[in-house]
A.B. asks: 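Before I ask anything, here is the structure I am working with.
Convention: sequence-line order gives letters A, B, ...; per-chain numbering from 1. Treat the numbers as computed from the prediction; the structure is a model and nothing was measured.
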2 protein chains.
Amino acid sequence: MTRDREATGERILAAAAALFAEHGYDQVTVRMIASAAGANVALVNRYFGSKANLFATVLITASTVTAAIEGDPGRMPARLAEHVAHRLRTGASEPLVRMLDRAGTSPEIRAVLAARVEAGLVDAISARLPGPQARERALLATVIILGAGSLRRLLGPDGLHDADPAVLEARLETAFRACLAPPGG
Amino acid sequence: MTRDREATGERILAAAAALFAEHGYDQVTVRMIASAAGANVALVNRYFGSKANLFATVLITASTVTAAIEGDPGRMPARLAEHVAHRLRTGASEPLVRMLDRAGTSPEIRAVLAARVEAGLVDAISARLPGPQARERALLATVIILGAGSLRRLLGPDGLHDADPAVLEARLETAFRACLAPPGG
DNA sequence: TTTTCAAGTATACGCTTGTTTACTCTGGTG
DNA sequence: CACCAGAGTAAACAAGCGTATACTTGAAAA
């Protein structure tokens, strides 16, 4: 066994990211992470301080829907609709939403997640919205993004598996547009 | 202490309902329930078999958004919008959504919740939708309902606390209408 | 009053959790 | 080669969980 602290740390981080996204914070134990990473249990706490801190570290690197948020703000509803529709139909999960959704109820974990959602979704969206009440509108769009994650996880992809993608996207785009449109427009 | 099995059982049930809605399944222990009900720990399992079974029993009696779902289907989007807007602004939580949202990740618990959401939301809505693809449309509306619960719990009511209720409702109504409208309409 | 049975109690079992401690091993350095 | 900082390990810790057991108590029936 080659002894390489950095490599081991990254194996732990990668294993934790995969497991947290798959099963959620509560359901994942440090022993699971260590086992998946091929490392000893003690190293998880040794290198990351605590499970909660490891989770926070994972969250920083977790990808978000930024691809759908960035770009021409006018087409953001369409991109978000496509993103959400794809997730609803296929079951491919946005890691951040998934972790959020599967996160436990521990207050500190929720706080970490809330901060991440604020930064990665609400702030990212509202920063690109022209006009007043940008945050309020961004929050409404976040409702749909989060709700899609909840629904999919709860009921599985079965419900919308063979829905017409075009119709689904059209509905969602209208919904997103209603959320995001400037007031009075 | 008056000895009354039925009354004790109901005290346990009521305490469990309140605690599950407040903190979620995972975060509530049978000891907390027993303590809040003024009953002994052992009675919880004695009367309800298991914690999971108690949760299932609580769910059956948990109220839902039925008031907003029932009535003239044409005005369902408006009623749902009002319901969700009210929750988003004030923080008043629908018990079922709250429990769902705060539920843990245990598969059996999720299954119980999924069944309840299917019956109380998806089926209830789709049964009142004229036209084809009723279930698909009901699922999209459920996305918003669940998402509102997620967002509110995660970020608190601060974000939309002082948003204009009328504007909020109007946006949500349009969104709900986009989800629920018959195809091709 | 005495009997009796279920309601209620105290306690501990078995297990899992995150975390820590004390140890062993290894590879690079003098 | 001898050495040693540090990577990796094994084992146990304390705490908390759901649950089961064996016991005590109280009120209604005889």
A.B. asks: Write down the distance between CE (A:Met32) and P (C:dT19), rounded to a whole number of angstrom.
C.D. replies: 16 Å
A.B. asks: How many Å lie between CZ on B:Phe20 and C1' on D:dG18, as a whole number?
C.D. replies: 12 Å
A.B. asks: Find every protein N or O atom lying less than 3.5 Å from an N or O atom of nucleotides 5-7 of chain C, and list the pairs.
C.D. replies:
{"from": "C:dA7", "atom 1": "OP2", "to": "B:Arg5", "atom 2": "NH1", "distance (Å)": "3.1"}
{"from": "C:dA7", "atom 1": "N3", "to": "B:Arg3", "atom 2": "NH1", "distance (Å)": "2.7"}
{"from": "C:dA7", "atom 1": "N3", "to": "B:Arg3", "atom 2": "NH2", "distance (Å)": "3.1"}

A.B. asks: Verify the contact: side-chain N or O of A:Asn40 to OP1 or OP2 of D:dG8, cut-off strictly under 4.0 Å; return yes or no.
C.D. replies: no
A.B. asks: Of the options C:dT9, C:dT17, D:dT19, whose atoms approach the side-chain atoms of A:Arg31 most closely?
C.D. replies: C:dT17
A.B. asks: Would you say the side-chain atoms of A:Arg171 pair up with the backbone N or O of B:Ala181, donor to acceptor, closer than 3.5 Å?
C.D. replies: yes
A.B. asks: Rounded to whole angstroms, how far apart are CG on A:Leu19 and C1' on C:dT17?
C.D. replies: 16 Å
A.B. asks: Between atom CG in A:Leu54 and atom C1' in C:dT17, what is the gap in whole Å?
C.D. replies: 15 Å
A.B. asks: To the nearest angstrom, how far is A:Glu6 atom CD from D:dA7 atom P?
C.D. replies: 11 Å
A.B. asks: Heavy atoms from C-beta onward define the side chain here; which of C:dT19, D:dG18, D:dA20 lies closest to that of B:Lys51?
C.D. replies: D:dG18
A.B. asks: Minimum heavy-atom separation for A:Ala124 to A:Ile69, with atom names?
C.D. replies: O-CG2, 3.6 Å
A.B. asks: To the nearest Å, give me how far apart CZ (A:Phe48) and C1' (C:dG18) are.
C.D. replies: 16 Å
A.B. asks: Rounded to whole angstroms, how far apart are CG on A:Asn45 and P on C:dA22?
C.D. replies: 17 Å
A.B. asks: Hey, what do you get for CZ (A:Arg128) to CE (A:Met76), rounding to the nearest 0.5 Å?
C.D. replies: 6.5 Å
A.B. asks: Starting the side chain at C-beta, find the nucleotide from C:dT9, D:dC17, C:dG18 nearest to B:Thr29.
C.D. replies: D:dC17
A.B. asks: What is the separation between atom CD1 on B:Ile33 and atom P on C:dG8, rounded to the nearest whole Å?
C.D. replies: 17 Å
A.B. asks: Treating A:Lys51 as the side-chain partner and A:Tyr25 as the backbone partner, does any N or O pair qualify as donor plus acceptor under 3.5 Å?
C.D. replies: yes
A.B. asks: I need the A:Leu139 CG to B:Leu88 CG distance, nearest 0.5 Å.
C.D. replies: 8.5 Å
A.B. asks: Just by distance, do the side chain of A:Arg5 and the backbone of A:Tyr47 share a donor-acceptor pair under 3.5 Å?
C.D. replies: no
A.B. asks: Mark yes or no for whether B:Arg79, through its side chain, and B:Glu70, through its backbone, hold a donor-acceptor pair below 3.5 Å.
C.D. replies: yes
